[in-house]
Structure formats: structure tokens, C-alpha cells
Peer 1: 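What follows is a structure written as C-alpha cells; I'll ask about it next.
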2 protein chains.
Amino acid sequence: MASIKDVAAEAGVSVATVSRVLNDHPSVSAEARTRVLAAVETLGYRPNAVARSLRTDQTHTLGLVISDVLNPYFTELARSVEEEARALGYSVIIGNADERPDLQDHHVRNLLDRRIDGLLVSPTDGGSPLMLDAARAGTPMVFVDRWIPGVDVPVVRSDGRAAVRDLVAHLHGLGHRRLAIIAGPAATTTGRERVEAFREALGAYGLELPDAYIGQGDFQAESGRRVTEGFLDLPEPPEVVFAADNLMALGALDAVRARGLRVPDDIALAAFDDIRWFVHTDPPITAIAQPTGELGRAAVRALVDRIEGRPGESVTLPARLVVRRSCGEPPASSEPSPVTNRSQS
Amino acid sequence: MASIKDVAAEAGVSVATVSRVLNDHPSVSAEARTRVLAAVETLGYRPNAVARSLRTDQTHTLGLVISDVLNPYFTELARSVEEEARALGYSVIIGNADERPDLQDHHVRNLLDRRIDGLLVSPTDGGSPLMLDAARAGTPMVFVDRWIPGVDVPVVRSDGRAAVRDLVAHLHGLGHRRLAIIAGPAATTTGRERVEAFREALGAYGLELPDAYIGQGDFQAESGRRVTEGFLDLPEPPEVVFAADNLMALGALDAVRARGLRVPDDIALAAFDDIRWFVHTDPPITAIAQPTGELGRAAVRALVDRIEGRPGESVTLPARLVVRRSCGEPPASSEPSPVTNRSQS
DNA sequence: CACGTCGATGTAATCGATTCCACGAGCATC
DNA sequence: GATGCTCGTGGAATCGATTACATCGACGTG
């Protein structure tokens, strides 16, 4: 592969001049510039990003560590992150933690070793020493979706509290009184918060959230199935199951179906995180939708701000309830075809 | 951030010795080794991967350029690729082309600039000059899922021919005679092949595939919707729509629903690429499932073989038909809960 | 005319690793 | 005791870029 020396030789100038042309430094003669560009062309030269990074101590790369690539929510987040990063001149390297703290650490370490300029994390747990050290050491960092309390890092997330209140109002209005939740891992903020928001919303209607109606899941489908089976085995099963993410909702659906029961007649189902397939499931699933694309973009902007020396602020956006038929009677107005409102930018 | 020099100073040895310890070169005294390791520990030193790559001309990184991250098929592929790569000591950088040749080129260029050791591509088009040059220049490369004819690069893919024959047999058995297909872009091999396999399978039953029953899609949901509307507007609409990927099937479902029609009573639907949600859609969708995880793993093995100087061979694995209810009467045997057979490794 | 300024260019140091080569000590062999 | 190994180690070159500093010629000004 041709290096800058080859280009310099071909153009009959020094490497310094070639470098100046490439980084369009002002003081280069038009003559030299054209000769260099011609040489670049004939040799098919491309600057070696590795060498450049070593010298400049910048990789123009962001690391993104997400909890689970197979979850459409994170996949959409990753897409918007990459898009915004590209617009700002950065590349993104994605690490998939699969909800495993050890894998998360593996990726964080790997990304730091590669000297990425900044790190975007949706933490799987309460924060490993590695991540805490990185934050303290001043690595530009931003949390998305989930965060770690007590760490001085901007957080970009959505607040589902109001949407959960709307959901409970909707459920209460349909006559449901025994409401259960499939929670996410207690080590994650979203795992805890969604339960709290749910409990609080129930309280407003004088309803309790008994321990038996809190199932411990891990944001994966299998746990949703297991927890739902437990609910169905209860002497007094809940009338509604609220899954704290879409994959656990899928597992819940599997469990209900395996028993030969039907949604919503035998048991109602709602989920946190809306996905396109929910429109076409049997029945269409009522869900809380986050402004995923906007979250990803805001997170990148906050991170790049930090990298480039600006403050970089936390952002909280509201989620909203999307009513479908999985909790009972159909919504008043029919939903427009989802294909057309896919991108909300 | 501490460098190798700092470690050498702290341990009272030369950088050469530190490097030897780190790469466990045999001739280092036990004494020196422990001193270096202690210094590494106290300084929290981590080797700079950028510098190392510059010197060794190896990044231990694979590039993966996929056509669409939002497509669960590619997401699953990406996951298995990363997993196998990690097991073999490589990292993966994913580039999402969004079915756009220009974006694909952007990512290929970016990855080459970063001097990745090898490239895994699922091409969006017939091959840009950039990609052809890279292949000719000897960049270790492997195609997954889709490929570019006439380029001497191993291909890891699945052959859906037999499964498509099974599908047509199934449809024919249910009494369907007017079968239509939503094709993928003609620039992609999978776009063309699936139509050809379908036509061939129809031929075995003496059925034609008229032009009016071939809709041109682009593997995105919106095109599935558009094409399906066209089919429904035909004086003699098809009895079955076969979507060449899962997103176009989603679009088709949207279109059918928007007309107030029902699957499979009014029109049957089948898809290429199975996803977990198809079990719970209304109705459950009959699909052709690829051994996605195995494809990803095989592709990585082939690529790493090439990188490390071994031949690196093409692999073709069979796809299989999964019958559900979207084409008519339910399958004879009920499907086991899909949660449990998620991983097929 | 002498001098300062400015623009264009080249030389060389530098980033943080790896690795070739040389060197000295210790030890076995003849 | 000289010779030749092996082993452990350090010095220095190297990878491919960027950039501070020096140089040199042309040009404007007093």
C-alpha cells in the first residue's frame, strides 16, 4: 500500500508538503498542490488512519456499548447514533454486551485500548471498576437510556413516568385491578425505574403492587416467558402483565400461547419500548414508545460536545403511550399505517 | 495515559524488555518479568493498540459491511460474526449500508483506511470500483449472504432453492395457483436468485410467473407495501404474495390490513428470512429460515483463514421451510415454543 | 541598497509500540 | 585458557503520519 513517502517521491516534493496538501494547509503553491493531487490519484493513495491517529492522538471514533443488539430498540438507537456521528465526522464502533457485565467490560477495555475519542454506554450493571475509572480518568463519556448513579457523566434518556401513568389510567379504565410487571435487572436504572413508575401510578388509583406481581426478568425473552408462567401459576393470577421491554413481552406472549390462553381475553399485555411488529402481532400490542432516534442523536451531540471541550449536557425526552388492543377494547381512533411514520426526524 | 516508556522507567528496565514481557517472549528473566508486571499494575498501563497496529501492520480487526441493521436477519448475522471473531481473537467494526451503494462505499473506504485485517461484505449492489479494486488488490475478503459474480472471493451463503420448492409445494397443495413475488433489488444476488428459484419451482407445477406478479422491491418495508398495493389493484390479484425478505413482508401486511383484507382468507403471505416475531403475528407467518448463526460463524472462519494465509473456502448451507398459518390451514404439528430453540449452536 | 516580511518548502523530531542487532556474562567443551 | 553457545538485555531503527523550526527567495519599503 502506498504511503505518504511514495506520494512525495512521485510528486517530487517532501512529505511535509504532501501532508500540507492533504490537510489543506494554506501555504502550499498551486503548482505543488496539483502535482501532489496528481500523484495521489495515480498511486491510489489513501492516508493511513492508524498512523495519523498515533500522531494526532485522535481517532475520530466513538465507541458505543449497548446491552443487546438483538433488541430492536438498541438496534434503532445504534443506527441513529451512527448517522449523527457520521454527520459530525466521526465513526462508531459498536460493542454488544448481551446484558453481560463481563462482556461489557471486554468491550469497554477494547475500545479504550483503541483510543476512541469518546464512549457512549447503556450500562448493563451498576458500573464495573473499569468503567468508573474511565469516567474518573476523564474519558469523554455519555450514558444513553440507562445510567449509573453517582457518576458525573451526562445522561441522555427518556422519561417514561408520564406514559406509565397514561398506561395505568388506560388499564384502570378498562376495569383491570390486578396488574403485574416483569421487571428488568435491578442493577439497571431502567430496570428499577419502570417498576417504581408503575407502582407510583398504581398508587394514584389506590392499587397495590404486591411482591408476587413483580417478576424478576433480565430484559431477555426467555425471562419474560418464565416470569409469565409464574404469574399464571399464582392462585390469583394478574389480569394484566406489563413487560419492561419488548423482548420480555415476546416471551410473555410465548408463555400465554403455550397455555392455550388468549390476549387480552384471558390476560392483558403491555410493553415498554414500541417496535414496528407490535402493530401486527396477535393482538396488536399496547406499548410505550421512546423517541429512540432523537435519543441517539442527542447522545452523540452531547458526547461530541464533551470531546471538543464544550460542556455536553444531559437530555431527558418524554416517552408516549401507544394504545392498541392487547389490554382490551380497541382504541377509539385507528392508527395510521406505520410504514409511513417510520422516521420521525 | 501511561506509555511503555513510563512502565520501563518505573520497572528500571528498557522498553524492549517491557515489550518482551507483554508479548511473552521467552528470553526474559523471571526477575525482570515480575518487576515489569508490577509496574504495569501500579501504573494501570494498557498498550496502545494504535501504536501497536502501526508497527505490526495488523489491527486484529474485521470489517463487516451489512445492508441494513434494522433488518433482524442482519442483526443476528452481525451478532454471530462478532461472537466467532471474538473467539478467534478479532474485533469487528460494523458498517451499515442501509441498502445504499454510496453508504456502502463510505464504509468500505473507512474500514480500509483503518487498515482492518479483513472485510466481510453483504453487497448492496453489483460492486463499486472501490470494492472490486480492494478485492483485486488482495484485501482478504469474504462475501456473506449476497455476493458479486465474477469476483474471486469466497462466498458464504445459504441456498434457498430447496426450501422455495417446499414452499411452492405447500402452496400448491393448499390450492393456490396465482402466486406473486415481491423481489429484492436486481443488483443483488439474493434479489435475483429468489425470483429465479420461485419461477423454477412454479414451473415444476406447470405454473407461470407473469411479469405482473413480479413486484420490484428494495428489501425495505415501504417497498413491500407499495408493491402489495399494486398487486391488490390488479384485475386478477394473486392468491399468494411471497416477500423476498422479512421487512417487505411487514410492508405487505400493512398494505393488506389497510385495505381491510385478511391473511390468509383474502390473500396468503409467505416470507424469506424467518424472525421470532413471525410466530406471534396475525396470522403466524410461513417463512424460509436461514441458518443465520452458522453462516456468520462460517464466514468469519473463512475470512480468518484467508488473513492467516490458509485457503478460506466458500460455504453453502441449506435453508428450510417453516410452515405456519399465513398461507392457509394450520400446519399438522404444532411448533415448539420458539424461545427455547433460539440458539442452534 | 539594506532590511524586514511573507510565502513556500524541506529537515527532522515525535507519537508508542516492535524487533533486529550488538554486547556482555556465564558456562560447557576441547 | 581460548573458543563458542546461550541467555538476558539495551540501543536504535522502524511503521506513516503531523508539525515545529529553519531556510531561502522574492518583494516592498524607507
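Here is the naming used below: chain letters follow the sequence lines, and residue numbers restart at 1 for every chain.
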Peer 1: Using side-chain contact (heavy atoms from CB on, under 4.5 Å) as the criterion, list what pairs up with Thr75(A), not counting sequence neighbours.
Peer 2: Leu70(B), Thr75(B)
Peer 1: Got a sec, which residues hit side chain to side chain donor-acceptor pair (under 3.5 Å) with Arg46(B), two or more places apart in sequence or on another chain?
Peer 2: Asp113(A)
Peer 1: Under a 4.0 Å heavy-atom cut-off, which of residues 52-63 of chain A touch DNA chain D?
Peer 2: Arg52(A), Leu54(A), Arg55(A), Thr56(A)
Peer 1: If I take atom CD in residue Glu31(A) and atom P in nucleotide dG7(C), what distance separates them, rounded to the nearest angstrom?
Peer 2: 19 Å
Peer 1: Below 4.0 angstrom, which residues in residues 15-29 of chain A have at least one non-hydrogen atom near DNA chain D?
Peer 2: Ala16(A), Ser19(A), Arg20(A), Asn23(A)
Peer 1: Sort me out a list of protein N/O and nucleotides 25-28 of chain C N/O pairs below 3.5 Å, or just none if empty.
Peer 2:
none

Peer 1: Salt bridge or not between Arg157(B) and Glu294(B)? Use side-chain N to carboxylate O under 4.0 Å.
Peer 2: no
Peer 1: Whole angstroms only, please: what is the CZ-C1' distance between Arg33(A) and dA8(C)?
Peer 2: 11 Å
Peer 1: Holding to ring pair (Phe, Tyr, Trp, His ring centres under 6.0 Å), I want the full list of residues that pass it with His60(A), two or more places apart in sequence or in another chain.
Peer 2: Tyr90(A)
Peer 1: Can you name the closest pair of heavy atoms from Ala302(A) and Val156(A) and give their distance?
Peer 2: CB-CG2, 4.4 Å
Peer 1: Within the side chain of Asp98(B), is there an N or O that forms a donor-acceptor pair under 3.5 Å with the backbone of Asp68(B)?
Peer 2: no
Peer 1: Using the ring-ring contact (aromatic ring centres under 6.0 Å, His included) rule, collect all pairs that involve residues 95-150 of chain B, keeping only residues at least two apart or in two chains.
Peer 2: none
Peer 1: Please, which pairs that meet salt bridge (Lys or Arg N to Asp or Glu O under 4.0 Å) have at least one residue in residues 24-44 of chain A, sequence neighbours excluded?
Peer 2: Glu31(A)-Arg35(A)
Peer 1: How would you give the extent of chain B contacts on DNA chain D, as first and last nucleotide 5' to 3' within a 4.0 Å heavy-atom cut-off?
Peer 2: dG8(D) to dG16(D)
Peer 1: Scan the side chains in residues 2-13 of chain B for donor-acceptor partners under 3.5 Å anywhere in the protein, sequence neighbours excluded, and list what turns up.
Peer 2:
{"unit_1": "Ser3(B)", "atom_1": "OG", "unit_2": "Lys5(B)", "atom_2": "N", "d": "3.1"}
{"unit_1": "Asp6(B)", "atom_1": "OD2", "unit_2": "Ser3(B)", "atom_2": "N", "d": "2.7"}

Peer 1: With DNA chain D as reference, determine whether Gly12(B) or Ala2(A) sits nearer its 5' end, using the nearest nucleotide of each.
Peer 2: Gly12(B)
Peer 1: Of all residues at least two apart in sequence or in a different chain, which pass the side chain to side chain donor-acceptor pair (under 3.5 Å) check with Arg114(A)?
Peer 2: Asn110(A), Thr61(B), Ser91(B)
Peer 1: Taking all non-hydrogen atoms of both residues into account, name the closest pair between Ser314(A) and Pro154(A) and its distance.
Peer 2: OG-CA, 3.4 Å
Peer 1: Base, sugar-phosphate or nothing for Ala49(B)? Non-hydrogen atoms, less than 4.0 Å.
Peer 2: nothing
Peer 1: Taking the axis from the first five pairs and the axis from the last five, what angle separates them in the helix from dC1(C)-dG30(D) to dC30(C)-dG1(D), rounded to 10 degrees?
Peer 2: 60°
Peer 1: Could you check whether Gln104(A) and Asp125(A), counting side-chain N and O atoms only, form a donor-acceptor pair closer than 3.5 Å?
Peer 2: yes
Peer 1: I want to check something: taking the side chain as every heavy atom from C-beta on, are Asp145(A) and Gln290(A) in contact at a cut-off of under 4.5 Å?
Peer 2: yes
Peer 1: Would you call Arg146(B) and Glu99(B) a salt bridge, taking side-chain N to carboxylate O under 4.0 Å as the test?
Peer 2: yes
Peer 1: Between Gln220(B) and Asn71(B), do the side chains contain a donor N or O and an acceptor N or O under 3.5 Å apart?
Peer 2: no
Peer 1: Under 4.0 angstrom, heavy atoms only, what part of the nucleic acid is Val13(A) near: base, sugar-phosphate, or nothing?
Peer 2: sugar-phosphate
